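Keep in mind that this is a model prediction, so the values were computed, not measured.
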Amino acid sequence: MAPSSPSLARALTAVVPSSGTPVVVELGPGTGSISEAIRRRLAPGSRQLAIDVEPSMVAHLRRAKPWLEVIHGDAVELEALLATAGVTQVDAVVSTLPWSLFPGARQARMLHEIGRVLAPGAAFTTVTYLHAVPLLRARAFRRRLRSAFEEVLTTGPVWRNLPPAMTYVCRRPVLDV
């Protein structure tokens, strides 16, 4: 509907380490408003990657944000995409993907991929919009989050966003052994 507001960007990027040289991945960067907020938190020497499935968005981001490592690909193949970039673990994953629009199997696959790349102590954060909270797929997504991560915190709402939003902060993935 509209780019994420600075208020939502601050809420989503609170999990991004501001010290050391972390590796941070953004899923669904869109026009890059969250990318800018991530960049402001990162210390020199950190690595920031953005993954988008839409070729026109990838081209736009590569032109508009040359400092950002933009990878064309689908989050269902996150581990393989990161491996081609020489990354095996990340310190944070930030997402603005429209989860409630995805079928359950796709949601589950992406959450599994995210869990596989998170380093110990790392976090995954994503957004949900208040108007979508009661939707069947949004409720199913919350259940999937709770089964994919030991800790799922809901923060917000962020009223200074169009539309108003909440964030999920997820830690300690539950992985199949």
Side-chain angles (χ1 to χ4, degrees), residues 1-17 24-38 40-41 49-58 60-61 71 73-79 81 90-118 121-176:
M1 290 188 206
S4 299
S5 71
S7 297
L8 180 58
R10 278 190 301 278
L12 280 169
T13 60
V15 301
V16 174
V24 178
V25 173
E26 181 181 5
L27 303 178
T31 59
S33 61
I34 302 298
S35 304
E36 291 288 347
I38 293 170
R40 284 191 294 274
R41 286 192 58 88
L49 300 95
I51 297 174
D52 203 298
V53 72
E54 179 57 45
S56 63
M57 293 308 299
V58 169
H60 164 75
L61 287 168
I71 299 171
D74 192 323
V76 298
E77 299 168 349
L78 181 60
E79 189 173 27
L81 291 170
V90 302
D91 300 291
V93 174
V94 178
S95 169
T96 54
L97 292 174
W99 293 98
S100 62
L101 299 180
F102 300 137
R106 184 172 178 75
Q107 290 178 358
R109 175 70 192 269
M110 286 191 282
L111 291 173
H112 179 76
E113 289 285 306
I114 291 165
R116 289 180 58 82
V117 300
L118 286 177
F124 161 58
T125 187
T126 192
V127 65
T128 186
Y129 298 103
L130 291 184
H131 69 274
V133 168
L135 298 177
L136 182 63
R137 281 192 178 162
R139 291 193 323 259
F141 177 65
R142 282 192 303 278
R143 285 191 301 274
R144 279 188 193 85
L145 278 178
R146 290 186 182 106
S147 64
F149 294 89
E150 290 180 12
E151 178 184 26
V152 178
L153 303 173
T154 304
T155 66
V158 176
W159 296 108
R160 291 179 179 252
N161 192 71
L162 185 62
M166 297 186 315
T167 64
Y168 298 121
V169 178
C170 310
R171 292 183 179 87
R172 296 186 309 279
V174 177
L175 299 173
D176 308 308

Looking only at non-hydrogen atoms, find the nearest pair between [X] and [Y] and report the distance.
X      : Y      : value
Cys170 : Leu145 : SG-CD2, 3.7 Å
Ser7   : Val158 : CB-CG1, 3.7 Å
Val24  : Pro17  : CG2-CD, 4.5 Å
Ala9   : Ala37  : CB-CB, 3.6 Å
Leu12  : Ser95  : CD2-O, 4.2 Å
Leu111 : Ala148 : CB-CB, 4.2 Å

| query | For Arg106, does the CZ atom have more than 12 heavy-atom neighbours from other residues, nucleotides or ligands under 6.0 Å away? | reply |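 Yes, the 6.0 Å shell around CZ holds more than 12 heavy atoms from other groups.
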| Does atom CZ of Arg144 have more than 12 heavy-atom neighbours from other groups under 6.0 Å away? |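 Yes, because the 6.0 Å sphere around CZ of Arg144 holds more than 12 heavy atoms from other groups.
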| said: Under the criterion side-chain contact (heavy atoms from CB on, under 4.5 Å), I'd like the reasoning laid out for Val76 against Glu113: C-alpha separation, chi angles, the key distance, then a yes or no. | reply: CA-CA 7 Å; Val76 298; Glu113 289 285 306; 5.5 Å; no
Distance check, rounded to the nearest 0.5 Å: [X] atom [atom1] versus [Y] atom [atom2]?
X      : Y      : atom1 : atom2 : answer
Tyr168 : Leu153 : OH    : CG    : 12.0 Å
Met166 : Trp159 : CE    : CH2   : 9.5 Å
Asp74  : Leu27  : CG    : CG    : 10.0 Å
Ser5   : Arg10  : OG    : CZ    : 7.5 Å
Arg137 : Leu101 : CZ    : CG    : 7.5 Å
Ile34  : Thr96  : CD1   : OG1   : 6.0 Å

For residues [X] and [Y], determine if any side-chain heavy atom of one lies less than 4.5 Å from a side-chain heavy atom of the other.
X     : Y      : value
Leu97 : Thr126 : no
Val90 : Leu118 : yes
Leu78 : Met110 : no
Pro29 : Asp52  : yes

| So His131 and Tyr129, would you call those rings parallel, tilted or perpendicular, with 30° and 60° as cut-offs? |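 Parallel: the ring planes of His131 and Tyr129 meet at under 30°.
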| request: If the plane angle is over 60° it's perpendicular, under 30° parallel, otherwise tilted; pick one for Phe141 and Trp99. | output: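 If you compare the ring of Phe141 with that of Trp99, the planes turn out parallel.
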Main chain of [Y], side chain of [X]: is a donor-acceptor contact present, judged purely on distance under 3.5 Å?
X      : Y      : result
Arg139 : Pro134 : yes
Thr167 : Val127 : no
Arg142 : Val133 : yes
Arg171 : Glu151 : no
Arg41  : Val16  : yes
Glu79  : Val117 : no

